[in-house]
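Working notes for the structure below.
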Amino acid sequence: MRRIRVAAVGAVTLSLVLTAAACGGSTGGGSNEQPKTLTYWASNQGASIEVDKKVLQPELDKFEKETGIKVKLEVVPWADLLNRILTATTSGQGPDVLNIGNTWSASLQSTGALLPFDAKNFEAIGGKDRFVESALGSTGVQAQDPAAVPLYSMAYALYYNKKLFKEAGIAEPPATWDELIATGKKLTKGGTSAIGVEGSNLSNNIHQVFVLGKQHGADFFTADGKADFTSDGAVAAVKQYVDLMATHKIVAPGNAEYAQNQSLSDFAKDKTAMVLWQTASATFTAQGMNEDEWGVAPAPVPSGAPGQGKQTNSMVAGINMAVFKNTKNHDGALKFVKFMTSDKEQIVLNTSYGSIPPVKAAQQDAAFNGPALTVLRDTLATSAAALPQVPEESQFETVVGTAVKELFADAAAGRPVTTESVRAKLEKAQQQMPEK
């Protein structure tokens, strides 16, 4: 996602939402009672909500000119988006079309509030085979019709500040975690830290420890969907991430409180030399950096080159587009989804946001062949994994993301972060998950 999401809903809240939806929330098949209007909740992809409006409104005007359907736009901040959606699923008073973080797909699918993209609905938007397979992997529970379709695709990469690397005499970005720590110690000096984190951003925490979990052979859920937060691999993954601050001292203690992209601002101000992020280039440009001031490399792996399994170095990041099942403009909503995922619009939108089109034909456009986007595209194709597509994914983000946040707070305060303390936090998190 352009801006890392903050999943602010707890297990009890989501359980109530699922119950309410099952008891009669948005379960209708939609209608065409208001064929000339649509409401659209867009996620905040740009440097600000105003930037998003400037990007999106001309495209919505174009859609209205082509179809006669007026789209009322609201750009919703990430900190509010999930709770807004969950409230809409219980009240039935949601938008016609909305953006969702792709990791929420299975959780929101379970509410029954979203229109399933079955064969007929996929045909209405141009066909399922137009989309990249890895992006479709984060659209809902496997073996069920997707709850959404991919809109923007992203992957994590290592962004590094060329000026700070040159001043430290470092010629190449680190490719492995051992190299990152060694490089980081050379870069951490005089008010500059090696790498930034968003220690209070629950979703960002999840993204990082999920990838590290894959590298340690852990998935955080069993094959049958049960929470498995206390395996040796999961504990090692969380400890490795927090140890960047707690043990190696290459993350500034203040990063424990970051949750609003402050690590990107630090990078742009030469206060931080590296950051692991999704499609950060547009943000750096908006903050006054020139494109030649930073480089992009694949995120670190334990050894060797990125790949599948223990060489996974990113989650499949991105934004999906969904339709509320009780929309009063069913046909218009599908026309809008078709428009936004058309080859031409995919090039326009993803170029504006510095993301990768999840539509195959658009992805081949020359606009996405630059060095930075090539790294992201190759990562998505070869070494990224989808977060668990289980209904409890949102609770996972909340409870484990909070555990990591608390461990960063311990590290910032100088309290020891041990294998035992990490395991205890994860045990507590697992106890907050619903029993299967």
Side-chain angles (χ1 to χ4, degrees), residues 26 28-46 49-76 81 84-85 88 92-100 108 113-132 135-136 139 145-153 318-353 355 357-363 365 367:
S26 302
S31 69
N32 294 300
E33 295 174 9
Q34 297 178 5
K36 295 299 182 182
T37 60
L38 288 171
T39 54
Y40 174 39
W41 286 358
S43 49
N44 178 200
Q45 300 301 119
I49 287 175
E50 291 306 314
V51 167
D52 285 312
K53 291 178 180 178
K54 289 179 181 178
V55 169
L56 293 171
Q57 193 58 57
E59 307 313 306
L60 304 187
D61 293 343
K62 189 187 306 180
F63 176 73
E64 182 178 6
K65 185 176 181 180
E66 291 179 6
T67 65
I69 300 172
K70 183 174 182 59
V71 180
K72 182 180 178 182
L73 171 67
E74 181 179 358
V75 181
V76 184
L81 184 58
R84 289 278 302 275
I85 295 170
Q93 303 301 310
D96 298 292
V97 184
L98 69 159
N99 291 359
I100 64 174
L108 295 176
L114 301 183
L115 181 74
F117 275 84
D118 55 17
K120 181 180 178 180
N121 288 332
F122 261 119
E123 183 181 356
I125 66 167
K128 187 175 184 178
D129 60 357
R130 297 179 57 248
F131 295 91
V132 176
L136 288 172
T139 54
D145 290 326
V149 297
L151 183 64
Y152 311 124
S153 285
I319 309 302
N320 292 342
M321 191 172 223
V323 175
F324 260 93
K325 191 184 288 186
N326 66 350
T327 174
K328 293 184 178 181
N329 189 355
H330 176 275
D331 292 349
L334 290 177
K335 287 180 181 178
F336 184 51
V337 174
K338 182 178 182 179
F339 172 81
M340 294 289 278
T341 59
S342 67
D343 295 353
K344 185 176 180 180
E345 281 305 304
Q346 281 287 288
I347 293 169
V348 171
L349 294 170
N350 284 281
T351 299
S352 297
Y353 289 131
S355 47
V359 171
K360 295 175 184 176
Q363 195 175 101
D365 189 85

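Sequence positions, counted from 1, serve as the residue numbers for this chain.
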How long is the gap from [atom1] on [X] to [atom2] on [Y], to the nearest 0.5 Å?
| X | Y | atom1 | atom2 | result |
| --- | --- | --- | --- | --- |
| I319 | L98 | CD1 | CG | 11.0 Å |
| N350 | D365 | CG | CG | 10.5 Å |
| D129 | L136 | CG | CG | 9.5 Å |
| D61 | K70 | CG | NZ | 7.0 Å |
| Q34 | I69 | CD | CD1 | 12.0 Å |
| K344 | E59 | NZ | CD | 9.0 Å |

Nearest heavy-atom pair of [X] and [Y]: which atoms, and what distance?
| X | Y | result |
| --- | --- | --- |
| A333 | V97 | CB-CG2, 3.8 Å |
| A88 | G94 | CB-CA, 3.6 Å |
| Q346 | P358 | OE1-CD, 2.8 Å |
| G332 | F63 | O-CZ, 4.2 Å |
| D52 | G46 | OD1-N, 2.9 Å |
| I85 | F324 | O-CZ, 4.3 Å |

For [Y], does its backbone N or O pair with a side-chain atom of [X] as donor and acceptor, under 3.5 Å?
| X | Y | result |
| --- | --- | --- |
| N32 | D331 | yes |
| N329 | T37 | yes |
| T39 | D96 | yes |
| N121 | L115 | no |
| E74 | W41 | no |

Taking atom [atom1] of [X] as the centre, report whether more than 12 heavy atoms of other residues, nucleotides or ligands fall under 6.0 Å from it.
| X | atom1 | result |
| --- | --- | --- |
| K62 | NZ | yes |
| Q57 | CD | yes |
| K360 | NZ | yes |

Handout entry: Steps toward side-chain contact (heavy atoms from CB on, under 4.5 Å) verdict (I49, K53)
Key = CA-CA 6 Å; I49 287 175; K53 291 178 180 178; 3.8 Å; yes
Practice task
Mind running side-chain contact (heavy atoms from CB on, under 4.5 Å) on L349 and L56 for me, showing each step along the way?
Solution key: CA-CA 8 Å; L349 294 170; L56 293 171; 3.8 Å; yes
Exercise for the section: Would you sort out whether V149 and V337 count as a side-chain contact (heavy atoms from CB on, under 4.5 Å), showing the intermediate values? Expected result: CA-CA 8 Å; V149 297; V337 174; 3.6 Å; yes
Practice task
Evaluate the ring planes of Y353 and Y152, with Trp represented by its six-membered ring, and classify them as parallel (under 30°), tilted (30 to 60°) or perpendicular (over 60°).
Solution key: perpendicular
Exercise for the section: Please lay out, stage by stage, how Y40 and M321 fare under the test side-chain contact (heavy atoms from CB on, under 4.5 Å). Expected result: CA-CA 10 Å; Y40 174 39; M321 191 172 223; 3.7 Å; yes
Can you tell if the side chain of [X] reaches within under 4.5 Å of the side chain of [Y], non-hydrogen atoms only?
| X | Y | result |
| --- | --- | --- |
| K325 | P116 | yes |
| F131 | T341 | yes |
| F117 | T139 | no |

Problem - Sidechain N-carboxylate O distance under 4.0 Å for K120, E123 - result: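 Not counted as a salt bridge, because no side-chain N and carboxylate O are separated by less than 4.0 Å.
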